[in-house]
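Here is the structure we will look at, set down as structure tokens.
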Amino acid sequence: MPGPIEDYALIGDLQTAALVGLDGSIDWLCLPRFDSAACFAALLGDSDNGRWRLAPRDADRCDSRTYRGDTLVLDTFWETPTGTVKVTDFMPQRDRAPDVIRIVEGLTGEVAMRGELALRFDYGNVVPWMRRVDGHRVAVAGPDSVWLRSDPGVPMYGRGMRTYADFTVTAGERLAFILTWHPSHEKRPRRVDPYAALDQSLADWDAWSAQCAYEGPWRPAVVRSMITLKALTYAPSGGIAAAATTSLPEEIGGVRNWDYRYCWLRDAALTLNALISGGFLEEANAWRDWLLRAVAGDPADLQIMYGIAGERRLPEYEVPWLKGYEGSAPVRIGNAAAGQLQLDVYGEVLDSLFLARERGLEHESHAWSLQRTLMDFLESKWREPDEGLWEVRGGRRHFVHSKVMAWVAADRAVRTLEANPRLKGDVDRWRSMRAQVHAEVCEKGYDPVRNTFTQAYGSTQLDAATLLIPQVGFLPPTDRRVLGTVEAVRRELDHNGFVRRYTPEADNVDGLPGGEGAFLACSFWLADALHATGRRDEAVELFERLLAVRNDVGLLAEEWDPVAGRQLGNFPQAFSHIGLVNTALALSDSPIRLPAE
């Protein structure tokens, strides 16, 4: 059975990623891309659905593990009665074929090791045909082939549709295993020197991490979050996957299981802010360029999410042969939310491009023309109900956050023209729209009796997304309505010291049964709001509480169950790590080291 979500660490090559458990098992890996079918899917089933375990014989969990410095190279340590051993796991940045490399190193004495490889293509459904070719074990099924080789002297044998390796490692000895995916119709992949690849991977990640401009008190946590965001980047396009996984549940045993291996537009503003503020201008440029390509075309066809290379079609279906993480079915592939109307994304897109221009990213000549087209469309649509930020499946409503982000779109368009009067655009018309949206939200989205903004017009429910009202500039943090909203959200959406995004059991807003944990991004938003409203000590206390729920290697899932004390939802979650970075920046007195001219 898979371990708790927080038992896993991430390795990746900027095109896909794998999850490695405390027991030394890789239980999730999609090849060759984040959104490809998994060849290791034990995370959503059991070992029969595919995994690769490498650990001392008769051992259960490791004694400790850590990333090596500011890299994505994972070192796992085991102490046994006869000796100690280290297993180093990583995926070198690839030129074409993806490689997973595992290096076993004896530290003291001698340790009997066992490797167990169960390849199962198509999300654990297809058992490949195995054969030996030129010192490799080759698994083939349909379009996929995986080649496994090891250093000489490691005996491997097949049994029960699995490949085993039993060997002993002594102090000072290193033995490597290399697993390479390759299209089955092509010739054998090139051989990789695992030790040279390790040195190169360490150098690549060290050089990248050294660019981080943040010098505040939480630098280790910020750098690890930046590395995680980078690891979720699909290098060929610049898109950032929301998470490396699908269908990890928001409630154990529940049905709130979604595929997050795609790119959400709404992440753009926060991602750009985090990347630029952290000093990673190259990644910010790539993300901005991905955004421009993804949203190009008829604004009526704008999607809230796209494939990692900008694909539009993400049909959602269920995989019945996987029982789901701890029985949390169904397992879903694809995401039907791609077809929803979510008006807030127009605000997030225009805010992202406004920020890019303001921070000095190289100008794209067609970017303003695209923004004008999006504004024209939004002017005709902002009064309509939508599915909102949380992608509800209980029917469209007039969500307050969606209207606020429509205001953001108009505001950023107006401010762009005011700063660049030579650009084309009807600034008076957009000022009028901005004023109309503002007036309507303050009238219909605000409850004067409770002194709080609500989730939707006419609703009594609250929404943690209203914490963003001062952050986006809709109202100043000193406004009594903002102060009232912060207090109401803190009081009514509190979940043992963390924040729920809304109350899913009430009003059938999302059309789904059951509940969920505290949403980590919302908890970071509360810390930001507390800081903005003058309560820095309380903000720091909450931020430190959030840092404490990271796992042993600094990773966060989407949600936290404060009752069971465990992480929930897809993992690692970009939105959570973006929240961590932005809150650290906000709370730090002197957070940024400006890059040299």
Side-chain angles (χ1 to χ4, degrees), residues 266 269-270 342-344 346-348 350-351 378 382-383 385-386 388-390 392 397-412 414-415 430-495 498-503 506-507 509 518-519 521-539 542 579 582-583 586-587:
R266 70 170 44 87
L270 293 175
Q342 298 178 20
L343 293 172
D344 64 297
Y346 294 88
E348 278 126 11
L350 268 74
D351 188 52
L378 185 59
W382 73 266
R383 290 183 175 86
D386 70 339
L389 166 71
W390 304 124
V392 301
R397 304 190 182 198
H398 290 283
F399 289 104
V400 169
H401 175 263
S402 295
K403 307 302 184 186
V404 168
M405 293 310 297
W407 177 91
V408 168
D411 178 73
R412 303 313 189 253
V414 167
R415 290 166 63 185
W430 293 342
R431 284 196 187 106
S432 176
M433 173 188 162
R434 181 175 64 177
Q436 292 175 48
V437 177
H438 199 281
E440 182 177 293
V441 169
C442 291
E443 176 190 355
K444 298 182 179 181
Y446 172 70
D447 182 346
V449 176
R450 296 157 67 204
N451 187 29
T452 182
F453 285 96
T454 59
Q455 183 174 52
Y457 293 174
S459 172
T460 60
Q461 300 303 315
L462 299 187
D463 191 328
T466 56
L467 293 170
L468 297 173
I469 285 174
Q471 189 177 114
V472 300
F474 184 84
L475 287 172
T478 53
D479 190 287
R480 62 179 298 273
R481 293 164 292 185
V482 169
L483 296 172
T485 299
V486 173
E487 282 306 306
V489 167
R490 193 180 191 186
R491 179 179 62 252
E492 298 185 30
L493 295 182
D494 175 76
H495 190 14
F498 298 87
V499 181
R500 305 174 81 183
R501 50 183 178 171
Y502 54 92
T503 307
D507 208 16
V509 65
F519 203 80
C522 296
S523 301
F524 285 114
W525 295 346
L526 177 58
D528 295 337
L530 289 170
H531 176 59
T533 55
R535 289 175 284 182
R536 186 179 188 279
D537 290 346
E538 295 173 63
L542 175 55
N582 287 336
T583 301
L587 292 175

- State, to 0.1 Å, how close Met433 and Ala406 come at their nearest heavy-atom pair, and which atoms those are. CE-O, 3.8 Å
- Indicate the atoms forming the closest heavy-atom contact of Ala464 with Val489, along with that distance. CA-CG1, 4.3 Å
- Task: Would you please name every residue forming a side chain to side chain contact (heavy atoms under 4.5 Å, CB included) with Arg431, sequence neighbours left out?
- Result: Val414, Glu418, Val427, Asp428, Arg434
- Item | Donor-acceptor under 3.5 Å (Asn451 side chain, Arg480 main chain) | yes
- Message: List the residues meeting side chain to side chain contact (heavy atoms under 4.5 Å, CB included) with Leu483, not counting sequence neighbours, and say none if there are none.
- Response: Thr533
- Message: Restricting to ring pair (Phe, Tyr, Trp, His ring centres under 6.0 Å), what partner residues turn up for His398, sequence neighbours left out?
- Response: Tyr457
- Item | Residues that Asp344 engages under side chain to side chain donor-acceptor pair (under 3.5 Å), provided they are two or more places apart | Arg266
- Note on the structure: d(Trp525 CH2, Leu530 CG) to nearest 0.5 Å is 14.5 Å
- Item | Rounded distance [0.5 Å steps], CZ in Arg415 versus CH2 in Trp430 | 14.5 Å
- Message: Between Val437 and Val441, is the side chain to side chain contact (heavy atoms under 4.5 Å, CB included) condition met? List the steps.
- Response: CA-CA 6 Å; Val437 177; Val441 169; 4.2 Å; yes
- Task: Kindly write out the residues that satisfy side chain to side chain contact (heavy atoms under 4.5 Å, CB included) with Ala529, not counting sequence neighbours, or none if the list is empty.
- Result: Leu467, Val486
- Task: Under the ring pair (Phe, Tyr, Trp, His ring centres under 6.0 Å) rule, collect the residues that match up with Phe453, sequence neighbours excluded.
- Result: Tyr446
- Task: Check whether any side-chain heavy atom of Leu343 lies under 4.5 Å from a side-chain heavy atom of Met405, and answer yes or no.
- Result: no
- Query: Do Val400 and Gln455 touch side chain to side chain, with heavy atoms closer than 4.5 Å?
  - Reply: no
- Under the ring pair (Phe, Tyr, Trp, His ring centres under 6.0 Å) test, residues paired with Phe399 that sit two or more places apart: none
- Task: Taking side chain to side chain contact (heavy atoms under 4.5 Å, CB included) as the test, write out the residues that go with Ala532, two or more places apart.
- Result: Pro477
- Note on the structure: Value for OG1 (Thr454) from CD (Gln461), rounded to nearest 0.5 Å, stands at 9.5 Å
- What distance separates Gln471 CD from Asn582 CG, expressed to the nearest 0.5 Å? 7.0 Å
- Message: The criterion is side chain to side chain donor-acceptor pair (under 3.5 Å); which residues satisfy it with Trp382, sequence neighbours excluded?
- Response: none
- Can you tell me how far NZ of Lys403 sits from CD of Glu440, rounded to the nearest 0.5 angstrom? 6.0 Å
- Message: Ignoring hydrogens, what is the shortest heavy-atom contact between Asp528 and Ala586? Give both atom names and the distance.
- Response: OD1-CB, 4.3 Å
- Item | Parallel, tilted or perpendicular, as decided by the 30° and 60° cut-offs, for the rings of His438 and Phe474 | parallel
- Item | Residue pair Arg397 / Ala456: nearest heavy atoms and the distance that separates them | CB-CB, 4.3 Å
- Item | Evaluation steps, salt bridge (charged side-chain N to carboxylate O under 4.0 Å, His left out), between Arg535 and Glu487 | CA-CA 12 Å; Arg535 289 175 284 182; Glu487 282 306 306; 2.4 Å; yes
- Task: Would you give the length of the straight line joining atom CG of Leu475 to atom OG1 of Thr466, rounded to the nearest 0.5 angstrom?
- Result: 11.5 Å
- Which is it for Glu348 and Gln342 under the side chain to side chain contact (heavy atoms under 4.5 Å, CB included) test, yes or no, and what are the steps along the way? CA-CA 11 Å; Glu348 278 126 11; Gln342 298 178 20; over 6 Å; no
- Query: Excluding sequence neighbours, so at least two apart, what forms side chain to side chain donor-acceptor pair (under 3.5 Å) with Asp494?
  - Reply: none
- Of the non-hydrogen atoms in Gly473 and Trp407, which two are nearest, and what is the gap between them? O-CH2, 3.2 Å
- Task: Would you check, one step at a time, whether the test side chain to side chain contact (heavy atoms under 4.5 Å, CB included) holds for His495 with Ser523?
- Result: CA-CA 10 Å; His495 190 14; Ser523 301; over 6 Å; no
- Message: Suppose we screen for side chain to side chain donor-acceptor pair (under 3.5 Å). Which residues come up paired with Thr485, at least two apart in sequence or across chains?
- Response: none
- Validation row, ring centre Phe519 to ring centre Trp390 under 6.0 Å: yes
- Task: Kindly give the heavy-atom pair with the smallest separation between Val472 and Arg412, and that separation in Å.
- Result: O-NH2, 2.9 Å
- Message: I need the full list of salt bridge (charged side-chain N to carboxylate O under 4.0 Å, His left out) pairs touching residues 443-468, with sequence neighbours left out, sorted by first then second residue.
- Response: Asp447-Arg450, Arg450-Glu492
